> 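Here you go, one structure.
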2 protein chains.
Amino acid sequence: MASQQHPYYPQTLQLPGYVPGSLSQACIVGVYAAASIIVVSFVWFFSKKYSYLSRVERMLMCWWVFTGLTHMILEGYFVFTPDFYKKSQPIYLAEVWKEYSKGDSRYAARDPTIVGVEGITAVVEGPASLLAAYAIASKKPYQHTLQLAVSLGQLYGDLIYFATVFLQDKEFAAPGFLYFWFYFIFMNGIWIVIPAIIGVRSWRKITEIVDGKRKKL
Amino acid sequence: MASQQHPYYPQTLQLPGYVPGSLSQACIVGVYAAASIIVVSFVWFFSKKYSYLSRVERMLMCWWVFTGLTHMILEGYFVFTPDFYKKSQPIYLAEVWKEYSKGDSRYAARDPTIVGVEGITAVVEGPASLLAAYAIASKKPYQHTLQLAVSLGQLYGDLIYFATVFLQDKEFAAPGFLYFWFYFIFMNGIWIVIPAIIGVRSWRKITEIVDGKRKKL
């Protein structure tokens, strides 16, 4: 397989065996968006029959299933497929990472920090996110503790993800508004904003319950 | 200031302006050990007069004050002193990092992942650790939540710290049993083992309280 010039930055990055993606950007982003909408809709309507769940609890379940599947399938594929950029077949998950690497070439370059953070995310936080959805639905006593723990893990990983770019002078995004602002900042920013909101909510819920108990004692 | 040959691995690492440490290893390790023993003893005896605190709670307070001061003073100095390896005066904190870099040269090299993890540790987890000691002493309703949150942060940071070494082929420790096994593995291993134990304890405490409340409702 002859090596091709790749579209990633810095252009000095060596990727022997690179094969360009064959799916369009619209197709890659569209499939992820459509799959996410289907998953969220399914959880939203399915959870409706449990009348004891509030709207907020159902929204949280949608988030946890969506984020859990993203961690396990999308990020899990990256973690266990070091040579995704060499795939010559149009495998959807390989195409996702070929495209996303335009926003952050550390994925194609297999930067150890990215692999470490994504490894924890895919292997630990992915299943834990699905467990959080189950814990909400079945009103488990650990539901808020688990949501807090997973949200803090997502926040920590994302902070390291951003910090390691801003702490060095290198450019990892290809030129273009879309790659830096949409792929790198916006898509990862989601996992700063939502875990921060859920983290604060879970913290408050736990403290309220503990405080209520203490006043009774 | 003329650049000196440095004792760190890989030997190809460029450290212009490096000045060798002037304190002995025994002195550096001894001062840290002595300071830690003084802090722990102080918290242990000081907390004794609060008769409502259990022995376990007092031990936890010792840990949180010790780890909080380590994060803020030792690791805080590293985060805000990029040129510690150039210091020609025998400043104790600079000497610590000149010595520790023999176990992990990424400190001298200012690896962005190390700076990111240490930044979160020094700035967020340090003060939060001291707050945890205060929360235990004053029986705050958030004491277990805070201990869980900080322990998970310490665990996450340490996992990334170890993973990023084992995910690459480079050697960051100078030759010698002491540098790899004592500095790198043992000293950092403490922040895997103790946060894991405290994390499990805090999780259980929260779940017991929530569960107790639920049975009453």
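In this text the structure is predicted, and so the values were computed from the model without any measurement. A, B, ... follow the sequence lines: proteins, then strands. Residue 1 opens every chain. Reckoned from all heavy atoms, side chains included, excluding hydrogens, waters and symmetry mates.
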> Of the listed residues (B:Thr207, B:Thr164, B:Ile206, B:Thr145), which shares the most heavy-atom pairs with chain A below a 4.5 Å separation?
B:Thr145

> If you tally heavy-atom pairs under 4.5 Å against chain B, which of A:Leu152, A:Val124, A:Ile160 wins?
A:Ile160

> Under a 4.5 Å cutoff for heavy-atom pairs, which residue among A:Phe166, A:Trp203, A:Phe162 has the most contacts with chain B?
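The option with the most such pairs is A:Trp203.
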
> Is A:Leu146 close to chain B through its backbone or its side chain, or both, or neither, when contacts mean heavy atoms under 4.5 Å?
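Answer is both: backbone and side chain atoms of A:Leu146 are under 4.5 Å from chain B.
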
> How about A:Phe180: does its CZ atom have over 12 heavy atoms from other parts shown lying under 6.0 Å from it?
yes

> How about A:Tyr142: does its OH atom have over 12 heavy atoms from other parts shown lying under 6.0 Å from it?
yes

> Minimum heavy-atom separation for B:Gly153 and A:Tyr156, please, with both atom names.
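Reported closest heavy-atom pair: O-CE1, 3.4 Å.
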
> Select, from B:Pro112, B:Gly116, B:Ser202, the one with the greatest count of heavy-atom pairs under 4.5 Å involving chain A.
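Greatest number of close heavy-atom pairs with chain A: B:Pro112.
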
> Under 4.5 Å, counting heavy-atom pairs only, tell me which of A:Val117, A:Leu159, A:Val115 racks up the most with chain B.
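Looking at each of A:Val117, A:Leu159, A:Val115 in turn, A:Val117 comes out on top.
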
> How about B:Tyr92: does its OH atom have over 12 heavy atoms from other parts shown lying under 6.0 Å from it?
yes

> Would you compute the distance between atom CG of A:Leu148 and atom CG of B:Leu148 and round it to the nearest 0.5 angstrom?
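CG of B:Leu148 is found 6.0 Å from CG of A:Leu148.
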
> Which atom pair, heavy atoms only, marks the closest approach of A:Pro141 to B:Val210?
O-CG1, 3.5 Å

> Rounded to the nearest 0.5 Å, how far apart are OG1 of B:Thr113 and CD of A:Gln168?
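Separation between the atoms: 7.5 Å.
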
> If you round to the nearest 0.5 Å, how far is CG of B:Leu167 from CZ of A:Arg110?
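A:Arg110 CZ to B:Leu167 CG: 8.0 Å, rounded to 0.5 Å.
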
> Who among A:Gly199, A:Gly157, A:Ala163, A:Gly119 has the most heavy-atom pairs with chain B under 4.5 Å?
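Option with the top pair count is A:Gly157.
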
